[in-house]
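Take a look at the structure below.
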Amino acid sequence: MTHPPLLFCGNSNPQLAEEIAKRLRLHVGKALVSEFKNEETRVEIRENVRGAEVFVLQSICKTPNGKGVNDSVMELLLMIDALRRASAARITAVIPYYGYAKQDKKTKGREPISAKVVSNLLKVTGARRIVTMDLHAAQIQGFFDIPVDNLMAMPVLCGHLKKEGLCDDKIVVVSPDAGGVHRAELFAKWLNSSLAIAFKRRPEPDVSEVTDIVGDVNGKVAVIVDDMISTGGTLAKAAEAIKARGATRVYTVASHGIFAGEAVEVLEASEIEKVLFTNTIPFRNGQTHPKFVQLSIAQTFADAINRITTNRSVSELFAGDDAINTMLTAPTEPLAPV
Ligand code: R5P
């Protein structure tokens, strides 16, 4: 490949694309990603991509300009198709938040496996590699027969907690459900803290209840760790149960802040002191809110893209104590103006 790498983006997260491009000393490629009057998605790539290594960044989420999750999927697919037909040499879909992941298995009859449908579409359209972050279930990697780099927000989130002095025996890391124990264990390891687990029940979709907590939270600052915040119910209910067991303060961290429906209001009214999350998904068009802290993961994606273009290991970014410690101590300033 003689052409330098190119980075394009759809409408879901242009700010993150700009941040990554700046770190890689690239510009975001020129492309029209809009719609026809009949609301069909319209795409035109406005740069030569022949023979180029191309990265297309798009989170599968609502867009800051008011489009829905399905529009994000369609924009991504049509951009990949346009790039393939324009003779790009290799197309990598960079999907900071891989949506449609909640239905990743059949839990009862006559349900789809939506995460697999999206993976099929990406592959068929022409993606030759996926770069994403904290998949809802790591096994979703297996839905692809192309390379998947599943990056972690953990070093950025832990780095911020450490800087705030939220580590060691002062805190207890809490998983809000059994499915999140592995993630919480990693946080507990890097924060040098103890671990507790809340047991969650979902009587119906998007509604949660805490049935029990295992581990000691009494007299400690609790840090609840989750992959995503959707309705905010999981974190709000876990915080209530933890406070009732004697925790002095409750912080929450999550990789992806979806904030569906009334989530911000739910969390605002909850026992939680601070809600930390990253910019894999834009937060309410950059509105400010004292309880909500958004951290940038642009450097993690920039490092991964840099390694891919130079055929170096991506997993080494997270391998071993030295690598993680380097990331833990890297600057993780909150994004202005949040
Ligand atoms: C569940 O498996 C996930 O890890 C999250 O806990 C969940 O998706 C959060 O959803 P909500 O904010 O709607 O409770």
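As the structure lists them, so they are numbered: ligands from 1, and atoms in each ligand from 1. Excluded from the calculations below are hydrogen atoms, water molecules and symmetry mates; all remaining heavy atoms, backbone and side chain alike, are included.
Residues satisfying the ring pair (Phe, Tyr, Trp, His ring centres under 6.0 Å) criterion with Phe301, sequence neighbours excluded, are absent altogether.
Using a 30° and 60° split on the angle between ring planes, Tyr97 and His256 fall in the tilted class, from 30° to 60°.
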Decide salt bridge (charged side-chain N to carboxylate O under 4.0 Å, His left out) for Glu209 and Arg202; before the verdict, give the C-alpha distance in whole Å, the side-chain angles of both, and the deciding distance to 0.1 Å.
-> CA-CA 6 Å; Glu209 285 171 6; Arg202 282 211 187 272; over 6 Å; no
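Under 3.5 Å, the side chains of Glu47 and His27 contain a donor-acceptor pair of N or O atoms.
Aromatic pair Phe8/Phe55: centroids not less than 6.0 angstrom apart.
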Give every pair formed by an N or O atom of ligand 1 and a protein N or O atom closer than 3.5 Å, one pair per line with both atom names and the distance to 0.1 Å, or write none.
{"residue": "ligand 1", "atom": "4 (O)", "partner": "Asp226", "partner atom": "OD1", "Å": "3.0"}
{"residue": "ligand 1", "atom": "4 (O)", "partner": "Asp227", "partner atom": "OD1", "Å": "2.6"}
{"residue": "ligand 1", "atom": "6 (O)", "partner": "Lys200", "partner atom": "NZ", "Å": "3.2"}
{"residue": "ligand 1", "atom": "6 (O)", "partner": "Asp226", "partner atom": "OD1", "Å": "3.3"}
{"residue": "ligand 1", "atom": "6 (O)", "partner": "Asp226", "partner atom": "OD2", "Å": "2.5"}
{"residue": "ligand 1", "atom": "8 (O)", "partner": "Lys102", "partner atom": "NZ", "Å": "3.2"}
{"residue": "ligand 1", "atom": "10 (O)", "partner": "Arg202", "partner atom": "NH2", "Å": "3.4"}
{"residue": "ligand 1", "atom": "12 (O)", "partner": "Ser230", "partner atom": "N", "Å": "2.8"}
{"residue": "ligand 1", "atom": "12 (O)", "partner": "Thr231", "partner atom": "N", "Å": "3.1"}
{"residue": "ligand 1", "atom": "12 (O)", "partner": "Gly232", "partner atom": "N", "Å": "2.8"}
{"residue": "ligand 1", "atom": "13 (O)", "partner": "Thr231", "partner atom": "N", "Å": "2.8"}
{"residue": "ligand 1", "atom": "13 (O)", "partner": "Thr231", "partner atom": "OG1", "Å": "2.6"}
{"residue": "ligand 1", "atom": "14 (O)", "partner": "Arg202", "partner atom": "NH2", "Å": "3.4"}
{"residue": "ligand 1", "atom": "14 (O)", "partner": "Thr234", "partner atom": "N", "Å": "2.9"}
{"residue": "ligand 1", "atom": "14 (O)", "partner": "Thr234", "partner atom": "OG1", "Å": "2.4"}

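Salt-bridge annotation for Glu273 and Arg249: present, with a side-chain N of the basic residue lying under 4.0 Å from a carboxylate O of the acidic one.
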